[in-house]
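Single-structure report; data block below.
Atoms within each ligand, like the ligands themselves, are counted from 1 in listed order.
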Amino acid sequence: MSVLAIEDAHRQFASGGGIVTALDGVSLALDRGEIVGLVGESGCGKSTLARIAAGLDRPDDGKATFGSRPMAPAGRQIDADTRRRVQLVFQDPLASFNPRRTVGRSIALPLRLNRMLSGGQERSVVAELMDQVGLDPALMDRKPHQLSGGQLQRAAIARALGLNPDVLICDEPVASLDVSVRAQILNLLLALCRDRNIGILFVSHDLGVVRRIADRVVVMYLGRVVEQGSNEAVWSAPRHPYTRALAASVPTGAASWRLDQGRVRLAGEPPSPFDVPTGCRFHPRCPIAIDRCRQDDPVLRPISQDIDAACHLAE
Ligand code: SF4
């Protein structure tokens, strides 16, 4: 059984006098010891899905479960045990720390709130957590602004690990970091997944970053999953034109389909979520759209052993 599962989630928001559909029938499963990369442009619904996976929001329809129990039953907050076992790492580590509290005190705070620290233990436990993420424990008495972005993201991961989670939801965790630091944080997450058997949902707009870290990749467009599969399969032979366009913008790799740049270039902005196109919602930007695409909405279906895609021409 997956440690975390979202089934047929629908989510709408009222915005600017209209209704935005953030999720339109999205399913996702995460096992322990695997990294699922969730990728797509801004506004595709991936952050809404991440919030539901973290129990911070709930779908209007569909369900989210942690193990065998609902993440956040209707009308109730997420329970304390699930809250402890599903932890979040955010894009901007500086914004996730109290500027007046030392880094060590911030790392210790969730442990104290969950009564997982006894008197006199705090500094040794925090030092051990910092050590596990490659952060010098001597930094525990510094304030957040005295650490670099990479050091602070390590501290954020240490804070999440203190509660011994089964799942980490990482929302654009390296987007604000320099390239060299980015690689270190990705390596750290890979090691944590492997060594502690943690399931990681890694949210990113950058397929190149996801490619480096994920076991499986889920690609979203305008509130839907349009392609999903093993990292290797999605990268080496993506079946959906949108995934091809994302992959073609990554400046590495030499798969043969990449040579056909004219047919994979992503043009224009995503359509307004207030006015979702008929038929395939990608058709206004799709370089290979046919007449059928303007009327028939493609469903997500198995294309090969390793890939599902929502495209009439995926074969
Ligand atoms: S269904 Fe048509 S418009 Fe949509 S991605 Fe496939 S080819 Fe393009």
Side-chain angles (χ1 to χ4, degrees), residues 6 8-12 19-28 36-49 62 203-211 214 216-251 253-315:
I6 294 170
D8 197 22
H10 295 253
R11 186 74 175 102
Q12 291 186 324
I19 299 291
V20 173
T21 299
L23 298 178
D24 188 7
V26 173
S27 299
L28 180 140
V36 172
L38 182 59
V39 70
E41 292 166 292
S42 176
C44 70
K46 59 188 189 302
S47 290
T48 301
L49 191 62
V203 181
S204 178
H205 66 282
D206 185 343
L207 187 60
V209 171
V210 166
R211 180 198 173 208
R216 288 192 296 121
V217 178
V218 176
V219 182
M220 289 190 68
Y221 185 77
L222 219 54
R224 291 257 184 93
V225 173
V226 295
E227 183 154 10
Q228 62 185 10
S230 70
N231 189 357
E232 173 61 29
V234 170
W235 176 256
S236 60
R239 299 304 188 96
H240 196 283
Y242 178 60
T243 315
R244 288 185 168 217
L246 290 181
S249 66
V250 177
S256 57
W257 55 265
R258 288 172 54 83
L259 301 176
D260 194 8
Q261 293 288 326
R263 290 166 71 81
V264 296
R265 192 176 299 123
L266 189 59
E269 298 293 319
S272 164
F274 291 104
D275 187 19
V276 174
T278 58
C280 174
R281 51 192 66 194
F282 186 60
H283 86 254
R285 302 170 80 192
C286 181
I288 59 169
I290 56 178
D291 285 347
R292 180 184 174 195
C293 304
R294 295 174 183 81
Q295 284 110 38
D296 288 356
D297 193 2
V299 296
L300 188 68
R301 61 198 166 88
I303 304 300
S304 69
Q305 199 177 348
D306 285 337
I307 285 197
D308 300 337
C311 171
H312 298 311
L313 304 181
E315 282 88 357

| remark: Only one of Q12, R11, H10 passes side chain to side chain donor-acceptor pair (under 3.5 Å) with T21, and that residue is Q12
| How close do T278 and R294 get, heavy atom to heavy atom, and via which atoms? | OG1-O, 2.9 Å
| Contact summary for I303 and A314, nearest pair of heavy atoms | CD1-CB, 3.6 Å
| Whether E227 side chain and R239 backbone form a donor-acceptor pair below 3.5 Å | yes
| Taking the six-membered ring for Trp, is the centroid-to-centroid distance between Y221 and H240 below 6.0 Å? | no
| When rounded to the nearest 0.5 angstrom, what distance separates CZ in R285 from SG in C280? | 11.5 Å
| task | Count up the protein N, O or S atoms sitting under 2.8 Å from atom 6 (Fe) of ligand 1, would you? | result | 1
